[in-house]
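Written below as structure tokens is the structure these notes are about.
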Amino acid sequence: MNHKLNTYRLMLLPYSVWSVLFILVPLAFVGYYAFTDDSFSFTLEHFTRFFTATSTIANDDGTTQEVRTYVLIFLRSVRLACISTFICLLLGYPLAYIMSKAKERTQNLMMTLIMIPMWMNFLIRTYAWMTIMQDTGILNNILESLGFARIRIIGTETAVIIGMVYDYFPYMVLPIYSIMAKMDTRLVEAARDLGCGSLAVLRRVIFPLSLPGVISGITMVLIPSISTFYISQKLGNGKFLLIGDVIEGQYVANNLHFAAAIAFILMVILLAAMAVVKYGTERYVYGGESE
Amino acid sequence: MDKIIELKNISKSFDGETVLDNISLDIYDNEFITLLGPSGCGKTTTLRMIGGFVQPDQGDVIFMGQRINDVPPHKRNVNTVFQKYALFPHLNVFENVAFPLREKGVPKKEIKEKVDEMLSLVMLSGFANRRVTSLSGGQQQRVAIARALVSHPRVLLLDEPLGALDLKLRKDMQQELKKIQKSTGITFVFVTHDQEEALSMSDTIVVMSEGKIQQIGTPTDIYNEPMNAFVADFIGESNIVDGVMLADYKVRFAKHTFDCLDAGFGKNEPVDVVVRPEDVDIVPADAGMFRGTVTSVTFMGVHNEIIVDIDGFKWMIQTTDSVNEGEVIGLKLDPDAIHIMKKSKYSGMFGDYSSYSDELDELSNPGGEEE
Ligand SMILES: Nc1ncnc2c1ncn2[C@@H]1O[C@H](COP(=O)(O)OP(=O)(O)OP(=O)(O)O)[C@@H](O)[C@H]1O
Ligand SMILES: [Mg+2]
């Protein structure tokens with residue numbers, strides 16, 4: 001019997017149990033399903049299918065084209081997720097910066113405003129965007145009443161991107177803001193003292209120091225937006241299936257093994273991407289070797 | 001010597017609280033000047049005003065003849081060594097020091113030369129590629145100094161740069177800083193609340209209290225001729241007693257009339273008399289000008305620090321003679337041991353060692369309270 005468990009390890013115990021039960025075991029199941037067929041014997045067929053399955057799609061000019069179905073969807077997911085993440089960063093970074101400079105009361109208010117949408121169910125948020133962007137929706141009514149032509153947004157990639165940006169924006173702002181809020185103002189003063197104007201301070205001190213926040217913001221937006229589903233179905237009118245939609249579809253259709261395989265591939269690629277980003281920032285931003 | 005910085009009638013308040021009250025100060029080229037005063041007296045604020053981080057409410061900051069009140073920090077030829085160093089954690093030692101040079105667009109080769117030169121000046125030559133977060137406090141300090149000096153500012157501002165270091169390191173750094181100042185010829189404006197540090201390093205000391213300058217002078221001036229009871233008490237140990245100036249060179253205190261070296265006071269003007277503990281001679285009881293009872297003796301290594309009760313007023317005296325508690329001793333003062341100050345608002349607030357001796361009593365004799 002081991003009576004040497006100290007309090008620290010005792011406190012850790014529930015969390016260890018929790019992570020084994022709800023993280024490791026499910027992951028093992030995903031892996032197990034991904035590499036087996038319906039009779040649970042080993043197979044790589046799901047992976048082969050993912051990378052080789054083709055289908056025919058119609059181009060705008062009426063011609064048709066053979067494409068690798070899942071690879072195409074996967075690349076589309078990555079592309080849309082990257083665009084959304086980039087937009088989130090572009091909008092979120094200045095906001096986080098401005099917030100961190102504001103008076104404390106203003107900061108709290110802005111924080112609440114950013115968080116409020118997160119309190120609403122995301123289905124409802126998505127439906128709200130549908131109402132806004134529909135052909136006969138709020139946006140188009142406003143445009144029309146102002147004398148502009150109606151535009152078609154719903155069912156376009158733009159609509160999907162708008163939906164994703166709206167959903168994941170807080171996850172970009174919060175980590176950047178929290179880094180900026182606790183940034184040592186004396187470093188800014190030191191930079192000014194050593195000859196930096198406002199822009200140079202931003203470029204040479206504030207931005208590099210906020211990078212950990214940027215990285216975690218990017219991670220927190222990119223990963224869920226790559227695997228998101230539903231937004232694309234509703235705002236894209238189902239025309240822009242994303243990899244998350246495919247997983248959901250396969251799951252609903254009871255193709256658990258194939259769904260697990262896709263999830264597995266997604267996970268491996270995301271982990272690899274994250275490792276590269278982490279290594280890259282540590283090496284080139286914080287390693288700081290000079291010539 | 002040329003004036004490099006002038007502060008003219010500067011006042012500043014924060015939230016209605018006056019922090020600097022009509023301060024005027026001239027800083028000369030190549031000097032090591034120290035702002036000395038207790039916590040909260042406005043030293044940092046004065047320094048930040050020179051650096052450009054605080055604007056005066058009233059008065060002018062003049063730099064080499066030009067008013068620079070509205071010149072932002074990055075355009076001032078003045079660098080700062082901050083209280084907690086403020087090194088850039090995302091840059092290594094080399095890049096921290098190179099920081100101001102890169103901003104100026106100095107060619108790479110020259111940057112390398114200058115940074116190497118600076119690092120060797122602060123004795124950190126092998127540390128160029130180290131991360132600043134991996135350095136000890138003293139090493140970080142040196143990096144901060146190198147970084148502030150590398151672009152050869154006319155003036156270096158140092159805000160309690162040695163405050164976080166242990167005593168030994170502190171002494172070493174004091175010497176080094178002084179050496180660096182001499183060899184670079186850069187004007188140092190140094191802030192400290194440690195009077196010993198100020199006395200040992202400075203060409204000029206500015207004693208501040210409650211947002212006002214109490215006295216400006218060389219260390220010896222400040223020590224030997226304190227302007228008022230605050231300065232006398234803040235710099236070194238002092239016995240400060242009430243006296244009356246009977247005439248020029250004649251002062252009466254402790255029920256005795258003494259010869260002194262001070263003149264120019266009104267006839268019978270009440271004054272504060274300062275006597276430094278080391279300037280009192282101990283003689284046999286009947287040979288003294290006045291006498292007192294030893295109430296405590298503390299061995300301090302080189303000398304004894306004794307508290308002597310003279311008509312109810314407790315004096316501190318430092319002596320190498322050995323005396324015993326309870327002994328009645330005679331005391332002698334040479335004219336140059338006596339320094340006369342005009343009465344000020346600080347009169348009566350400092351310079352009596354009764355509380356000091358009480359403390360000692362309590363320490364040595366925990367049971368017996370007197371009052
Ligand atoms: N930005 C500010 N806002 C409000 N009050 C301030 C500000 N800066 C300084 N003060 C106040 O001004 C007074 C003087 O501060 P200052 O920092 O100049 O003191 P100091 O002499 O450097 O003290 P220390 O030895 O503790 O560093 C203090 O009472 C401080 O609270
Ligand atoms: Mg200070």
Side-chain angles (χ1 to χ4, degrees), chain A residues 89 93 96-97 100-101 103-106 175-219 277-291, chain B residues 44 47-48 50-54 71-106 108-109 111-112 115-116 128-134 143-144 146-151 153 155-157 159:
Chain A
L89 181 63
Y93 194 88
Y97 179 68
S100 72
K101 290 264 168 274
K103 276 187 292 213
E104 194 166 326
R105 275 188 52 192
T106 323
I176 300 177
Y177 162 74
S178 72
I179 285 240
M180 288 201 170
K182 59 173 193 268
M183 194 177 288
D184 191 345
T185 52
R186 281 172 311 197
L187 294 178
V188 173
E189 285 193 351
R192 289 210 284 149
D193 190 70
L194 296 166
C196 289
S198 312
L199 218 68
V201 172
L202 194 64
R203 184 171 54 82
R204 300 190 62 194
V205 176
I206 297 178
F207 183 70
L209 286 176
S210 66
L211 269 183
V214 172
I215 301 292
S216 66
I218 289 178
T219 318
V277 169
K278 193 165 181 316
Y279 176 78
T281 38
E282 266 166 21
R283 176 83 172 65
Y284 293 106
V285 183
Y286 289 89
E289 254 133 0
S290 49
E291 65 270 19
Chain B
T44 298
L47 212 63
R48 288 169 63 78
I50 299 173
F53 297 103
V54 173
V71 177
H74 65 281
K75 297 208 173 120
R76 297 189 182 194
N77 197 0
V78 167
N79 283 353
T80 310
V81 176
F82 291 87
Q83 209 158 359
K84 300 232 171 65
Y85 320 145
L87 298 178
F88 302 117
H90 59 298
L91 300 175
N92 64 15
V93 170
F94 185 96
E95 285 303 321
N96 262 280
V97 179
F99 191 91
L101 301 178
R102 294 218 189 282
E103 197 55 35
K104 285 190 179 152
V106 176
K108 272 195 171 172
K109 202 168 142 274
I111 290 184
K112 175 123 181 57
V115 172
D116 286 349
N129 289 324
R130 287 277 292 273
R131 304 185 55 167
V132 289
T133 43
S134 73
V143 177
R147 184 181 69 175
L149 282 175
V150 74
S151 52
V155 177
L156 189 68
L157 309 175
D159 193 354

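In what follows, every chain begins at residue 1, and chains take the letters A, B, ... in the order their sequences are listed.
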Task: Row check, Phe53(B) ring normal vs Arg192(A) NZ/CZ: under 6.0 Å, within 45° - done: no

Open item on the list: Please find the pair of heavy atoms, one from Leu194(A) and one from Asn79(B), that lie closest to each other, and give the distance.
Closed with: CD2-ND2, 3.9 Å

Open item on the list: Given heavy-atom pairs under 4.5 angstrom as the criterion, report whether the side chain, backbone, both or neither of Asp184(A) touches chain B.
Closed with: neither

- [ ] Examine whether an atom of Leu157(B) lies under 4.5 Å from a heavy atom of chain A, and if so say whether it belongs to the side chain, the backbone or both; otherwise answer neither.
- [x] neither

- [ ] With a 4.5 angstrom heavy-atom cut-off, could you sort out which part of Arg147(B) is near chain A: side chain, backbone, both or neither?
- [x] both

Open item on the list: Using heavy-atom distances under 4.5 Å, tell me whether Val81(B) contacts chain A through its side chain, its backbone, both, or neither.
Closed with: neither

TODO: Return the minimal non-hydrogen interatomic distance between Gly195(A) and Glu103(B), and the atom names on each side.
DONE: O-CG, 3.3 Å

Open item on the list: For Leu187(A) versus Leu87(B), what's the shortest heavy-atom pair and its separation?
Closed with: CD2-O, 3.1 Å

Task: Reported CD-to-CZ distance for the pair Glu95(B) and Arg204(A), which is rounded to 0.5 angstrom - done: 8.0 Å

- [ ] Please report the closest heavy-atom contact between Pro208(A) and His90(B), naming both atoms and the distance.
- [x] CB-CD2, 3.3 Å

TODO: Identify the two heavy atoms, one from Leu209(A) and one from Pro89(B), that lie closest to each other, and give their separation to 0.1 Å.
DONE: CD2-CG, 3.6 Å

Task: Partner chain A: residue of Tyr85(B), Phe99(B), Phe88(B) with the largest heavy-atom pair count (under 4.5 Å) - done: Phe99(B)

TODO: Specify the closest pair of heavy atoms between Ala190(A) and Ala86(B), including all atoms of both residues, with the distance to one decimal.
DONE: CB-O, 3.9 Å

Open item on the list: So for Thr80(B), is it side chain, backbone, both, or neither that comes closer than 4.5 Å to the heavy atoms of chain A?
Closed with: both

- [ ] Name the option with the most non-hydrogen atom pairs under 4.5 Å to chain A; the candidates are Arg76(B), Lys104(B), Lys84(B).
- [x] Lys84(B)

